[in-house]
Amino acid sequence: MMTPSRASSKRILIRDSGGIINQAYNEVLYKPFSKKTGIEVIGVPASANPTAQIQTMVQSKNYLWDMAALGEMAILLLTNGSGGKCFLEKHKLELDPVISRIPPQFMSPYGVGTNVYSTVLAYRTDVFKKHQAPQTWRDLWDIKNFVGRRGLYRHPLDMTEIALMANGVPANDIYPCDLDRAFRSLSKIKRDISVWWTSGPQVEQLLKSGEIDLTPAWISRVQTAIDAGAPVAFSWHQHIYQCDSWAILKGTPNADACREFIKFASDPERQALLAAYAIGPTQPDAFNYIKPKPAMNLTSYPTNLERGRHIDAAYWCKNQDHAIQRFNDWMLS
């Protein structure tokens, strides 16, 4: 443990994804950690894919961030890609009594899971009444029986898996992805898509305004729309989930302070406080401190996880460049 005299001279800068996530982390993690330890924490919102920035920082030893909340693909790219170079520190916290309780699927030698989140099927309840609400990706493709303005994410990640499941591929069989089949499936619905959205704030606003009636969307944005009073609901059926993890940049002089922060942020009671922001805890014990109703709206709630499919980050690390090029060409065709 870091002594108060050492801690008082420390400051760590943490990259996060901004928006509601930055707000949540600032209130629940950054400020309380600083108050407890004397280690100043500054959250820095950054782009959705900061791998190139991290590589530059590590190579130049000019650390604009000491650590980052990163997705599974980013961690793989920063530790297994780029000519075998590694840009992250091993956290070495596997034996910590609190962190050791995090399930293996939300851990790696370079990342400690902090937020499990999903892409779900969201819809307007003023358009689709409860007894006729869309529940599956096949329903999203069913133009005849589920009439409404549709949106899709303008990216092959998630859309490939969704297109395959809509075409009848079982969730457990979607990897490795049959891209030919996925694009044939997408072509069946392409002309019926009203909006191809590109960001979380955009899809949230589209749902709130009623510009679209059903769409795949990230759970935090759907929940924010619901909390704002929009007539929106969603289905957990065949949702696609992944996990953001705390990762330490290789060579940062503040690595030990980062480890102290990760231990603080991984406490089950602390993670439970993030439930109000639709942030799914990685600690199973966190659900002991969350009321039943909001708990059931979190991706990592046990029965929700059972209904979803964990993204295959290794597959996408190898295939995303090709898939993105093919997707962009398809969009123009």
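Worth saying up front: this structure is predicted, and the values here are computed from it rather than measured.
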Give a yes or no on whether the backbone of Tyr289 and the side-chain of Glu269 come within a donor-acceptor separation of less than 3.5 Å.
no

With distance as the sole test, does Arg270 use its side chain to make a donor-acceptor pair with the main-chain N or O of Val28 at under 3.5 Å?
yes

Calculate, to the nearest 0.5 Å, the distance between atoms CD and CD1 belonging to Glu204 and Ile20 respectively.
8.0 Å

Once rounded to the nearest 0.5 Å, what's the spacing between atom CD of Gln202 and atom OH of Tyr153?
10.5 Å

Keeping the roles fixed (side chain from Thr119, backbone from Trp218), state whether a donor-acceptor pair exists under 3.5 Å.
no

Atom CD1 in Ile311, atom CH2 in Trp316: separation rounded to 0.5 Å?
7.5 Å

Side-chain donor-acceptor pair under 3.5 Å between Glu89 and Thr252, yes or no?
no

Asp16 side, atom CG; Asn115 side, atom CG - distance, nearest 0.5 Å
11.0 Å

Tyr175 and Glu161: side chain donor to acceptor below 3.5 Å:
yes

When you measure from the side chain of Thr198 to the backbone of Arg154, do you find a donor-acceptor pair of N or O atoms at a distance under 3.5 Å?
no

Does Gly210 offer a backbone N or O that forms a donor-acceptor pair with the side chain of Arg149 under 3.5 Å?
yes

Testing the basics here: between Gly113 and Met107, what is the closest heavy-atom pair and its distance to 0.1 Å?
N-SD, 4.3 Å

Side-chain donor or acceptor of Arg309 paired with backbone N/O of Ile174 under 3.5 Å
no

Donor on one side chain, acceptor on other, Trp236 and Ser118, under 3.5 Å
no

Expected output: side-chain Thr56 to main-chain Ala52 donor-acceptor under 3.5 Å
yes

Taking the inter-plane angle between the rings of Tyr241 and Phe106 on a 0 to 90° scale, is it parallel (under 30°), tilted (30 to 60°) or perpendicular (over 60°)?
perpendicular

Exactly one candidate in Asn319, Asp180, Thr160, Asp321 meets side chain to side chain donor-acceptor pair (under 3.5 Å) with Arg326; the answer is Asp180

Using modelled atom types and a 3.5 Å cut-off, is there a donor and acceptor pairing between side-chain atoms of Asp66 and backbone atoms of Leu249?
no

I'd like to know if the side chain of Arg124 and the backbone of Lys208 have a donor-acceptor N/O pair within less than 3.5 Å.
yes

List for me each residue that meets ring-ring contact (aromatic ring centres under 6.0 Å, His included) alongside Tyr63, sequence neighbours excluded, and say none if there are none.
none

If you look at every heavy atom in Ala286 and Ala272, which pair is closest and at what distance?
O-CB, 3.6 Å

Could you point out which residue of Ile99, Val98, Asp267 forms a side chain to side chain contact (heavy atoms under 4.5 Å, CB included) with Gln283?
Val98

Evaluate the criterion side-chain contact (heavy atoms from CB on, under 4.5 Å) for residue pair Trp141 and Ser185; output intermediate values, then yes/no.
CA-CA 9 Å; Trp141 258 245; Ser185 178; 3.3 Å; yes

Can you tell me if Tyr123 and Asp139 form a side-chain donor-acceptor pair at under 3.5 Å?
no

Evaluate the ring planes of Phe261 and Tyr30, with Trp represented by its six-membered ring, and classify them as parallel (under 30°), tilted (30 to 60°) or perpendicular (over 60°).
tilted

Could you give the distance from CZ (Arg138) to CG (Asn145), rounded to the nearest 0.5 Å?
12.5 Å

Does Pro97 offer a backbone N or O that forms a donor-acceptor pair with the side chain of Arg101 under 3.5 Å?
yes

Check whether the ring centres of Trp246 and Tyr25 lie less than 6.0 Å apart, and answer yes or no.
yes

Can you tell me if NZ on Lys190 sees more than 12 non-hydrogen neighbours from other groups inside 6.0 Å?
yes

